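Notes follow once the structure below has been shown.
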Amino acid sequence: MIILGVETTCDETGVGIVRDGKTVLANVVSSSADLHKKYRGVVPEIAAREQVRTIIPEIREALYLSDLKLSDIDALAVAYGPGLIGSLLVGVETARVLALALGKVIIPVNHLVAHIYASWISEEPKFPLIGLIISGGHTDLVLMSDHSKFSWLGGTRDDSVGEAFDKVARILGLSYPGGPEIERVALKSIHDNRDIKFPRPMVAEDNLDFSFSGLKTAVKNYVSGKKLASKFVADVAFGFQEAAADVLCSKVFLAVKKYRVKSVVVGGGVAANDYLRLEFVRRSNNLGVSVLFPEKELAVDNGAMIAVAAFFSNQSIDPVLLNADPSLHFL
Ligand code: KG4
Ligand code: ZN
């Protein structure tokens with residue numbers, strides 16, 4: 001089964017073509033991040049305008065790269081939420097019109113669920129599993145007992161972890177998006193000289209919720225009135241990244257023990273962070289649980305993960321009934 005997946009929930013336009021939920025034939029992604037840089041955050045109107053401009057050329061490019069025609073596609077899949085309403089409408093309306101015109105089925109996909117399925121392409125995890133979604137808009141922990149069977153276990157009470165990366169980057173005078181910038185400068189922090197220890201909010205509490213706003217404020221207070229010299233920035237970035245990774249790992253492994261799962265699957269833009277990946281692998285040793293991360297280009301928003309999630313859910317609906325849902329969550 002060949003599925004064309006469309007992703008336009010935030011500032012990326014993604015079109016992926018995937019065979020049988022496994023083989024990525026094409027995965028074309030463009031981002032309007034450069035246009036948002038001077039505002040240091042996504043401007044919804046600009047994101048949606050760019051998506052209107054890029055979606056059709058990207059569908060053409062994905063078909064060209066996979067050497068297919070539209071008529072070879074068995075089903076359309078689209079992320080219908082959560083996300084920015086203007087952006088979502090671009091993807092939903094494009095997929096809907098294509099499905100209607102071609103007489104194909106359409107499979108609506110929850111963007112958060114798709115972030116978990118991004119890992120399936122390299123390796124199929126065993127159920128039950130703990131899914132951790134860490135992106136610009138979300139920090140959610142779910143228990144997944146089978147395909148399409150989720151229980152939400154906890155999430156952030158304030159900022160998402162990606163938002164914290166972006167805000168701390170801004171405090172440190174780094175550009176947007178902040179996650180890759182924090183990771184880049186943190187690499188320059190020298191091990192022997194590190195003495196910064198930021199708080200780990202909620203880490204000792206016996207629940208599966210998170211809080212990142214206090215950590216961001218701790219960084220802001222620490223930096224306040226100090227000169228942003230490059231060594232200082234590197235050490236602060238490292239200290240923040242270390243604290244964020246510690247909190248994420250602690251809560252995930254608390255859930256692993258509580259629900260005795262076989263796998264952990266991490267998805268979302270922040271899952272591209274190498275320090276975090278290494279921490280997860282290190283702390284999973286001797287626990288008998290496998291930790292899966294997606295390939296880096298599949299960690300950030302893309303159309304292939306939408307097609308993979310659609311293949312496994314296989315719940316098509318009449319295209320006429322499909323609506324964008326900006327505040328969609330786990331059911
Ligand atoms: O999943 P995503 O591409 O879009 C949303 O659904 O939000 O995630 C974007 C977030 C941004 O906050 C960005 O700073 C963060 O992922 N991010 C990273 C890294 N790459 C992207 N955070 C930490 N380290 C990275 N390498
Ligand atoms: Zn995302």
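As the structure lists them, so they are numbered: ligands from 1, and atoms in each ligand from 1. Bear in mind the structure is a predicted one, so any value in this text is a computation, not a measurement.
Salt-bridge formation is not detected for the pair K251/D209: no Lys NZ or Arg NE/NH1/NH2 atom is positioned less than 4.0 Å from an Asp or Glu carboxylate oxygen. A salt bridge is absent between K104 and D74; no separation between the charged side-chain nitrogens and carboxylate oxygens falls under 4.0 Å. A salt bridge links K231 with D235: at least one charged nitrogen is closer than 4.0 Å to a carboxylate oxygen.
For atom 8 (O) of ligand 1, the nearest non-hydrogen atom from the set G136, G162, P177 comes from G136. Relative to atom 4 (O) of ligand 1, the option among V161, V300, D301, V42 with the closest non-hydrogen atom is D301.
For ligand 1, the polar-atom distance check finds no N/O of E163 at less than 3.5 Å from any of the ligand's N/O atoms. On a distance-only criterion, G269 and ligand 1 share at least one N/O pair closer than 3.5 Å. Some N or O of G179 is nearer than 3.5 Å to an N or O of ligand 1, by distance alone. Close N/O approach between N273 and ligand 1 is found [any backbone or side-chain N/O within under 3.5 Å].
Atoms of ligand 1 lying under 4.0 Å from any heavy atom of G137, numbered from 1 in the order shown and given with element: 7 (O). Short contacts between ligand 1 and G178, defined as distances under 4.0 Å to a heavy atom of the residue, involve ligand atoms 14 (O). Under a 4.0 Å criterion applied to the non-hydrogen atoms of H111, ligand 1 contributes the atoms 6 (O). Per-residue contacts place E183 under 4.0 angstrom from the following atoms of ligand 1 (heavy atoms of the residue considered): 24 (N), 25 (C), 26 (N).
Remark: aromatic rings of F293 and F280 are close, center separation under 6.0 Å. Residues Y117 and H147 bring their aromatic ring centres within 6.0 Å.
The atom of D301 that is an N, O or S and sits closest to the Zn ion (ligand 2) is OD1.
Looking only at side-chain heavy atoms (C-beta outward), F127 and M144 come within less than 4.5 Å of each other. At least one side-chain heavy atom of K296 sits under 4.5 Å from a side-chain heavy atom of R277.
In terms of protein heavy atoms, atom 11 (C) of ligand 1 is closest to D166 OD2, 3.6 Å.
Heavy atoms of C10 come nearer than 4.0 angstrom to ligand 1 in no pair at all. Ligand 1 lies less than 4.0 angstrom from a heavy atom belonging to H115.
The cationic group of K216 does not satisfy the cation-pi geometry with F212, failing either the under 6.0 Å distance to the six-membered ring centre or the 45° limit from the ring axis.
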- Item | Check against ring pair (Phe, Tyr, Trp, His ring centres under 6.0 Å), F330 and H138 | CA-CA 12 Å; F330 281 100; H138 295 270; 8.4 Å; no
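Contact annotation for V270 and ligand 1: heavy atoms of both the backbone and the side chain come within less than 4.0 Å of the ligand.
Note that CG of L254 is 8.5 Å distant from CG of N207, once rounded to the nearest 0.5 Å.
Between the NE2 atom of H115 and the NE2 atom of H111, the angle taken at the Zn ion (ligand 2) works out to 90° after rounding to 10°.
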